[in-house]
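The figures that follow rest on heavy atoms only: side chains count, while hydrogens, waters and symmetry mates do not. Sequence positions, counted from 1, serve as the residue numbers for this chain.
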Amino acid sequence: MVPDNLSAEDERRCRQVLARATARYRSRPAAAAVLVPLCLVRGVPALLYTLRSSRLAGRHKGDVSFPGGKCDPTDQDVVHTALRETLEELGLEVSEQNVWGIMHPIPDQQKSTVVPVLANVGPLDPQSLKPSLEEVDEVFTLPLAHLLQAQNQGYTHFCQRGHFRYTLPVFLHGPHRIWGLTAIVTEFTLQLLAPATYQPRLAGFQIPEPSEMLPRPGRPGSL
């Protein structure tokens, strides 16, 4: 069952669940970090997403994503990276006190480490944000209740040489389709917030340790 609100009890439980990963990964080197912004939109718990600018270079332009980006040498850690990038992309300043913890790092298509940082940004009017026109085409939110409805959940099977390899989640019927790394992070978040309700779609895809993120025969080729 989805929480009626992001209560202090929800926060304590999530912080406790994430405590080990937070201590383990916070100061480890990573290629990038993203902020997973929990928010209340007109009192309804939701996740905040961005649509990457179609003017950006690279294969991820125009994709749905969470705010975030590459780690800078001047960043103290991955939490600082996620908060800095969120401010730069959306004009949204998030206090470190609002960070609930770090979820398991995920390899991107280049086998680099992307670290998801979960935070509660509180009541939010998406229209009040000031996204960077160079980086963001659109900002939107999806209620947790929407993401948890089975009719809005899909999946993609990946095969190689006629054999099943792995399955990744896809979230449908919002303003834009959510897939790839962003869908994986969304799945992690729903499992954390509603463990008795959400049925994971991720199957057969192994998330390696950061030290193992080199291409090997027989490993998934991309997200």
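If you take CZ on Phe66 and OG1 on Thr189, they are separated by 5.5 Å, rounding to the nearest 0.5 Å. Atom CZ of Arg52 sits about 10.5 Å away from atom CG of Asp137, to the nearest 0.5 Å. Within the model, atoms CG of Asp63 and CD1 of Ile178 stand 11.5 Å from one another, a figure rounded to the nearest 0.5 Å. The distance from atom CG of Asn120 to atom CD of Gln97, rounded to the nearest 0.5 Å, is 12.5 Å. In this structure, SG in Cys14 is found 5.0 Å from CG in Leu193, a value given to the nearest 0.5 Å.
Val17 and Leu190 fall within the same hydrophobic cluster, defined by Ile, Leu, Val, Met, Phe, Trp and Tyr side-chain heavy atoms under 4.5 Å apart, directly or through other members.
Judged as a side-chain contact (heavy atoms from CB on, under 4.5 Å), and not counting sequence neighbours, Gln16 has no contacts. With sequence neighbours left out, the side-chain contact (heavy atoms from CB on, under 4.5 Å) criterion links Val78 to Ala30, Ala33, Cys71, Ile102, Val115. Under the side-chain contact (heavy atoms from CB on, under 4.5 Å) criterion, Thr156 pairs with Phe158, Val170, sequence neighbours left out. Arg20 is linked by a side-chain hydrogen bond (donor to acceptor under 3.5 Å, both in side chains) to nothing, counting only residues two or more places apart in sequence or in another chain. Take Glu9 and apply the side-chain contact (heavy atoms from CB on, under 4.5 Å) test, not counting sequence neighbours, and it matches Ser7, Arg12. Every ring pair (Phe, Tyr, Trp, His ring centres under 6.0 Å) that His176 has, sequence neighbours left out, goes to Phe140.
At a threshold of 4.5 Å between non-hydrogen side-chain atoms, the residues Arg177 and Val64 do not count as touching. With contacts defined as side-chain heavy-atom distances shorter than 4.5 Å, the pair Tyr25/His104 qualifies. Here the side chains of Ile106 and Val185 are in contact, with some heavy-atom distance below 4.5 Å. Contact of the Glu85 side chain with the Pro67 side chain is not registered, since no non-hydrogen atoms from C-beta on lie closer than 4.5 Å.
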Cut-off 3.5 Å, no hydrogens considered: what does the side-chain donor-acceptor table look like for residues 142-150, sequence neighbours left out?
residue	atom	partner	partner atom	Å
His146	ND1	Asn152	ND2	3.2
His146	NE2	Leu172	O	3.2
Gln149	OE1	Gln151	NE2	3.3
Gln149	OE1	Asn152	ND2	3.2

Name every donor-acceptor pair, under 3.5 Å, that has one atom in a side chain of residues 35-51 and the other anywhere in the protein, sequence neighbours excluded.
residue	atom	partner	partner atom	Å
Tyr49	OH	Thr186	OG1	2.9
Thr50	OG1	Ser65	O	3.4
Thr50	OG1	Ser65	OG	3.0

When the side chains of residues 125-132 are checked against the rest of the protein, which donor-acceptor pairs come out under 3.5 Å, sequence neighbours left out?
residue	atom	partner	partner atom	Å
Asp125	OD1	Gln127	N	3.0
Ser128	OG	Asp125	O	2.6
Ser132	OG	Glu134	N	3.4

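With Gln153 contributing its side chain and Pro169 its backbone, the two residues share no donor-acceptor pair below 3.5 Å. Between the side chain of Arg15 and the main chain of Val99, a donor-acceptor pair closer than 3.5 Å is present.
Across every non-hydrogen atom of Glu96 and Val79, the tightest pair is CG-CG1, 4.2 Å. Summarising the geometry of Pro105 relative to Pro116, their closest heavy-atom pair is CA-CD, 4.1 Å, with the distance given to 0.1 Å.
Sorted by first and then second residue, the salt bridge (charged side-chain N to carboxylate O under 4.0 Å, His left out) pairs with a member in residues 31-40 form an empty list; sequence neighbours excluded. Among residue pairs with one or both ends in residues 67-81, those qualifying as side-chain hydrogen bond (donor to acceptor under 3.5 Å, both in side chains) are Arg26-Asp77, Asp72-Thr74, Asp75-His80, Asp75-Thr81, Asp75-Arg84; sequence neighbours excluded.
Between Glu187 and Tyr198, the side chains place a donor N or O and an acceptor N or O closer than 3.5 Å (distance only, hydrogens not considered).
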Quiz prompt | Audit row: Leu181, Val114, side chain to side chain contact (heavy atoms under 4.5 Å, CB included) steps and yes/no | solution = CA-CA 9 Å; Leu181 187 147; Val114 179; 4.0 Å; yes
